[in-house]
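What follows is one structure encoded as structure tokens, with my remarks underneath.
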Amino acid sequence: FVTKRGDDAVAVLRVEGEKLTKLPQDVAVGSNPVSIEIAPNGKFAAVANIENAGKGPGSVSMLDLSQEPFRAMVAVPVAPTPEALAISPDSRFLAVGSLNGANQKRSDPIFSETSLVQVFDASMSPPRLIGNAPTGFGAQGVQFTPDSKHLIVQNYSERELIFFEVNADKLVKMPLR
């Protein structure tokens, strides 16, 4: 799968041995898709869509991969300029790291001092927001631990990692840095 930012779509590629084939039908997603993450269980994928040129809410398109042709099931609203995505190893949680206006000029109405991480229960349809938390000025990476119980957020500007505990009901920032 490859995002096609100018076409608001995802191309589907098939790899068979050393042969790479693009399937004829793209999957329509939101505006300006920038990243895609495939669930470890192979049943769904999440696509981060910047939408509104980053000047308003973004979205994450949830793709059904259970049968071909693949299709977008729902678009989940998220904070402005979502870039980083992670799906937990157990395929239950989806983390979205958004710049949230931190990449805008201070005079811009959507300017924010911090980026934002949002965590959703991806086992629900549509995914249910579990919690969100401010991160650093330029959060650009999110990753779950192998046990799916913790989330690590990379703050590019601050050159630090922030840790969160994740469960079905909440997102809790941990004191470790």
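Values reported hereafter were calculated over all heavy atoms of this structure, with side chains retained and with hydrogens, waters and symmetry mates removed.
The line from CD of E68 to CZ of R14 is 4.5 Å long, rounded to the nearest 0.5 Å. Atom CD of residue Q143 and atom CD1 of residue I87 lie 11.0 Å apart, to the nearest 0.5 angstrom. The OG atom of S91 sits 11.0 Å away from atom CD1 of I38, with the distance rounded to the nearest 0.5 Å. We find the NZ-CD distance between K55 and Q104 to be 4.0 Å, quoted to the nearest 0.5 Å. The NZ atom of K43 lies 8.5 Å from the OG atom of S66; values are rounded to the nearest 0.5 Å. Taking CG from L63 and CD from E37, the interatomic distance works out to 12.0 Å, rounded to the nearest 0.5 Å.
Looking at P134 and N100, their side chains never come closer than 4.5 Å, going by heavy atoms from C-beta outward. A 4.5 Å side-chain heavy-atom check between L171 and N132 finds every atom pair outside the cut-off. For the pair V60 and L94, the minimum side-chain heavy-atom distance is below 4.5 Å. Using a 4.5 Å cut-off on side-chain heavy atoms (C-beta onward), E113 and R106 make contact. Between P127 and M62 the shortest side-chain heavy-atom distance falls below 4.5 Å. Between V78 and P57, the closest side-chain pair of non-hydrogen atoms is not below 4.5 Å.
Side-chain heavy atoms closer than 4.5 Å link hydrophobic residues (I, L, V, M, F, W, Y) into clusters, and following such links, possibly through other members, connects V96 to L129. With hydrophobic clusters built from ILVMFWY side chains whose heavy atoms lie under 4.5 angstrom apart, F120 does not share a cluster with V172. V117 and F137 fall into different hydrophobic clusters, defined by Ile, Leu, Val, Met, Phe, Trp and Tyr side-chain heavy atoms under 4.5 Å apart, directly or through other members. In terms of hydrophobic clustering, with Ile, Leu, Val, Met, Phe, Trp and Tyr side chains grouped at heavy-atom distances under 4.5 Å, V166 and V142 are assigned to a common cluster. Cluster membership for L116 and I162, using ILVMFWY side-chain heavy atoms within less than 4.5 angstrom, is not shared.
In this structure, N155 contributes its side chain and E158 its backbone to no donor-acceptor pair below 3.5 Å. Between the side chain of S61 and the main chain of V29, no donor-acceptor pair closer than 3.5 Å is present. In this structure, the side chain of S148 does not engage the main chain of S88 through any donor-acceptor pair within 3.5 Å. Although no hydrogens or angles enter the test, the distance criterion places a donor-acceptor pair under 3.5 Å between the side chain of S35 and the main chain of E83. When atom types are taken as modelled, the side chain of E51 and the backbone of S31 share a donor-acceptor pair closer than 3.5 angstrom.
Scanning both residues, A79 and S98, for their nearest heavy atoms gives O-OG, 3.4 Å. Closest non-hydrogen pair, S115 versus A139, comes out as OG-N, 3.2 Å. D26 and A9 make their closest contact through CB-CB, 4.0 Å (heavy atoms, listed as atom of the first residue, atom of the second, distance). Of all non-hydrogen atoms in F144 and A86, the two that sit nearest each other are CE1-O, 3.5 Å. In plain terms, the two heavy atoms of H150 and E165 that are nearest each other are CD2-CA, 3.9 Å.
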side-chain contact (heavy atoms from CB on, under 4.5 Å) between I50 and R5, worked out: CA-CA 9 Å; I50 289 182; R5 190 167 182 178; 3.2 Å; yes
I152 and T145: CA distance, side-chain angles, deciding distance, side-chain contact (heavy atoms from CB on, under 4.5 Å) verdict: CA-CA 8 Å; I152 304 164; T145 56; 4.2 Å; yes
Worked check of side-chain contact (heavy atoms from CB on, under 4.5 Å) between D121 and R92: CA-CA 6 Å; D121 183 341; R92 174 144 189 217; 3.2 Å; yes
Derivation of the side-chain contact (heavy atoms from CB on, under 4.5 Å) call for L161 and V153: CA-CA 6 Å; L161 300 175; V153 177; over 6 Å; no
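Its side chain within the 4.5 Å cluster rule, V2 clusters with L13, V15, L20 among the Ile, Leu, Val, Met, Phe, Trp and Tyr residues.
The number of heavy atoms from other shown groups lying within 6.0 Å of OH (Y156) does not exceed 12. Dense packing is recorded around NZ of K22, with more than 12 heavy atoms of other residues, nucleotides or ligands lying under 6.0 Å away.
Looking at S59 and N49, their side chains do bring a donor and an acceptor atom within 3.5 Å of each other.
Under the ring-ring contact (aromatic ring centres under 6.0 Å, His included) criterion, the residue pairs touching residues 40-98 are F1-F70, with sequence neighbours excluded.
In this structure, K149 has no salt bridge (Lys or Arg N to Asp or Glu O under 4.0 Å) partners at least two apart in sequence or on a different chain.
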